[in-house]
There are 2 protein chains.
Amino acid sequence: MGITERKQKARLAMRTLILDTAMRLFLEEGFEKVTVRRIAGAIEYSPATIYLYFRDKNDILFALHAEGFDRFYRLQQTVLQVKDPWERLRMHARVYISFALENREYYDLMFIMRGPVEKLKAARDWSVGIRSYDFLKENIRDCMAAGYLPKTEVDVAAFAIWSFTHGMASLIIRQRCAMISPDLLSSVVDGAIDFMTARIEKGKMIGKGRRK
Amino acid sequence: MGITERKQKARLAMRTLILDTAMRLFLEEGFEKVTVRRIAGAIEYSPATIYLYFRDKNDILFALHAEGFDRFYRLQQTVLQVKDPWERLRMHARVYISFALENREYYDLMFIMRGPVEKLKAARDWSVGIRSYDFLKENIRDCMAAGYLPKTEVDVAAFAIWSFTHGMASLIIRQRCAMISPDLLSSVVDGAIDFMTARIEKGKMIGKGRRK
DNA sequence: TAATTATATGAACATCGTTTATTTGATGAG
DNA sequence: CTCATCAAATAAACGATGTTCATATAATTA
């Protein structure tokens, strides 16, 4: 059936056109510019048309949310270049923070905003997120195997480490760091990562010369 | 001047009436019920009246924000009962999390929401928040003095620890913990606190019997 | 060519935060 | 006591928002 196939293609093209436009508004003009009417205006369609392709606005936000996780995952994979598990975990934290700070709108959408997530029940909708989380857990397992971390429950350690990095990112993005002077902020963040990783590392006082 | 004094009192009474009502809507019916019109309706005034007492909606949110910090600070002080600095710091983390999870709307307002904070520049508007932060720093200093933590920069350590607890709280409140089964969540949180504090503690492998 | 179906839209609805012109009610002066 | 003055309260409106629905247009099928 060539005809229904073409229609499906057109339908999908329209969906991605809407998404790309929404994304562009998001990145270029920031948060509040993403309104159904503005998206429609940018592609020169009526606002009502949007609703032929997305159930509601959160449906659009969720699609961007998924796209964000995809970008995040790809960036995250670059830490695989680092062979030593411990250094890789440290790199992991730094990459996480820099993604968050250089893609604030995305990060907000993915990890902070209420909208995209609230009408979503199925676990499979989280698959892109869980993939990244599993990657972190794998890294932690490697650290445990190599003796950098004690062999505790991986889920607990992963949640703890994730919470730490997410905490920094979200405090900065949502501007709760007034007590830290802006020009010191990035060095405090680096310092915090160093502090945490140095503190977390297993049995560093014993010193069998494990580190290079 | 008895007359202007009475007027000032009436004015303040109206302000607190509005705030209390906004607060009640917040706590009883959750987030989205706090609208200027609904607040006005609840106290049986016109919406326009609200604007005689608050510049805009964020002005109201900010007042609640401040009230939240006050509650938070008072709860936080209870950790002073714990004499040992290290145990006090651990208690600090647990108290932080339980405040966040038992007062989600408040916590959201204080540490996550964009609204209350965005039109606020003056440092003194943060004073209630900074007071709590200073309290944490004091605790960390005590831990360093007692040898539980290395003597690094207090600001860095405080930011790191705060980020960790805030990270957990905000991930849970904004529902980003789909990968952790809900009935395990609280034990994972406890586990994460244990993991972090156990890992963070200075020189625990040397064991000079410092701990009781 | 006529009937059917998918696509697009204009206009409307309800709601939001906010502003302005107007009315109400209390206070002070003559 | 009456009238002018001033602050408090409001009704009505403005410009937004997300969303829906009846209608019109274009494409496909019979």
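All values below come from the heavy atoms of this structure, side chains included, with hydrogens, waters and symmetry mates left out. So you know, we letter chains A, B, ... as the sequences are listed, proteins then strands, and number each from 1.
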- Would you say Ser46(B) reaches dA9(D)'s phosphate, i.e. side-chain N/O to OP1/OP2 under 4.0 Å? no
- So, is the end of the Arg131(A) side chain (NZ or CZ) under 6.0 Å from the ring centre of Tyr73(A) and within 45° of the ring's axis? yes
- Query: Base, sugar-phosphate, or nothing: which does Tyr53(A) touch, judged by heavy atoms less than 4.0 Å apart?
  - Reply: sugar-phosphate
- Message: For dT17(D) and Thr35(A) - does any side-chain N or O of the residue sit under 4.0 Å from the phosphate oxygens OP1/OP2?
- Response: yes
- Ignoring backbone atoms, test whether Arg38(A) places a side-chain nitrogen or oxygen under 4.0 Å from the OP1 or OP2 oxygen of dT17(D). yes
- Task: Measure from the side-chain heavy atoms of Tyr51(B) and tell me the nearest of dA8(C), dT7(C), dT19(C).
- Result: dT19(C)
- Message: To the closest 0.5 Å, what do you measure between CG (Asp70(A)) and CE (Met110(A))?
- Response: 9.5 Å
- Under 30°, 30 to 60°, or over 60°: which ring-plane class applies to His65(B) and Phe69(B), parallel, tilted or perpendicular? perpendicular
- Task: Assess whether atom CD of Glu29(B) is packed by more than 12 heavy atoms of other residues, nucleotides or ligands within 6.0 Å.
- Result: yes
- Query: On the ring face of Phe31(B), is Arg104(B) found with NZ or CZ under 6.0 Å from the centre and within 45° of the axis?
  - Reply: no
- Quick one: on DNA chain D, does Thr49(B) or Pro47(A) contact a more 5' nucleotide (nearest heavy atom)? Thr49(B)
- Taking CZ from Arg15(B) and P from dA8(D), how many angstroms apart are they, rounded to a whole number? 14 Å
- Message: Please report the distance, rounded to the nearest Å, between CG in Asn58(B) and C1' in dC16(C).
- Response: 13 Å
- Per Arg37(A) side chain, nearest of listed nucleotides dT20(D), dA8(C), dT17(D): dT17(D)
- Query: What is the distance, rounded to the nearest whole Å, between atom CG of Leu52(A) and atom P of dT5(C)?
  - Reply: 18 Å
- Arg11(B) CZ to dA8(D) C1', straight-line distance once rounded to whole Å: 10 Å
- Report the distance from atom OH of Tyr45(B) to atom C1' of dT10(D), rounded to the nearest whole Å. 12 Å
- Query: Whole-Å distance between dT7(C) C1' and Ile18(A) CD1?
  - Reply: 12 Å
- Glu44(B) CD - dT10(D) P separation (whole Å): 10 Å
- How close or far is atom C1' of dG18(D) from atom CG of Leu61(A), stated in whole angstroms? 12 Å
